[in-house]
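What follows is one structure encoded as structure tokens, with my remarks underneath.
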Amino acid sequence: MFAERAVRRAVGVAVAAVGVTALCVPTVSASPSDNHDQHDGRKERVIELTLTRTGGHEPPPDPPAGTVYTEFGTSALSGTGEPFGTWGYQGAVLAVDGGEIQEQAVGTFNTPEGQITVQGLNPRRTLENAITGGTQHFKRASGYVKINGTGETVELHIFQP
């Protein structure tokens, strides 16, 4: 559950994703050379990370509007378990309407190849957030972060020229 929030935030993330901060909370599915597909002339790289929360504070199960929370931790490539940086995430509950929670999330993934920033304005437990930029190797990156399961793993779908 914390990883799901981290990705949304961050990943979201988190990743402030981190993560993210966060974003997230947010291991690569193969290796850093991963899966490259073409989308509008841009390469897609998919990195799957396993997130481990090491700090921060989670909101209560049904947080009221105005609740702000943070999470941060380490990430590893899912396929190999090789460490792949840290993540941080900050979430803010903007509104609660009939049990539906609207949340603004920002996160950062701090990886050996540079940072990836993530942001989203969405209902809680949303499984995707936007990649809004990056540094170093991820300069001019865009894409999205997908939360898998309850958020222990995230997929970074990174598009670059």
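Excluded from the calculations below are hydrogen atoms, water molecules and symmetry mates; all remaining heavy atoms, backbone and side chain alike, are included. In this chain, numbering begins with 1 at the start of the sequence shown. Quick caveat: nothing in here was measured; it's all calculated off a predicted structure.
From I101, atom CD1 reaches atom CG of D62 across 5.5 Å, with rounding to the nearest 0.5 Å. With rounding to the nearest 0.5 angstrom, the CZ atom of F72 is 13.0 Å from the OG1 atom of T52. In this structure, L121 CG and L94 CG are separated by 6.0 Å, a value rounded to the nearest 0.5 Å.
Across all their heavy atoms, T86 and S75 have their closest contact at N-OG, 4.1 Å. Pairing each heavy atom of I158 with each of A141, the nearest pair is CG2-CB, 3.8 Å. Of all heavy-atom pairs between G85 and P112, the closest is N-CD, 4.1 Å. Counting all heavy atoms, side chain and backbone alike, P63 lies closest to T67 at CB-OG1, 3.8 Å. Closest non-hydrogen pair, T135 versus Q115, comes out as OG1-N, 2.8 Å.
Residues passing the ring-ring contact (aromatic ring centres under 6.0 Å, His included) test with Y144 are H157, sequence neighbours excluded. When the side chain to side chain donor-acceptor pair (under 3.5 Å) test is applied to T54, no partner is found at least two apart in sequence or on another chain.
Between T111 and F138, the closest side-chain pair of non-hydrogen atoms falls below 4.5 Å. When side chains are defined from C-beta on, Q160 counts as touching H137, because their heavy atoms get closer than 4.5 Å.
A salt bridge links E113 to R45: at least one charged side-chain nitrogen sits closer than 4.0 Å to a carboxylate oxygen.
A donor and an acceptor atom, one from each side chain of T50 and T153, are nowhere located under 3.5 Å apart.
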Tell me, with the steps shown, if I131 and F159 meet side-chain contact (heavy atoms from CB on, under 4.5 Å). CA-CA 9 Å; I131 291 176; F159 299 97; over 6 Å; no
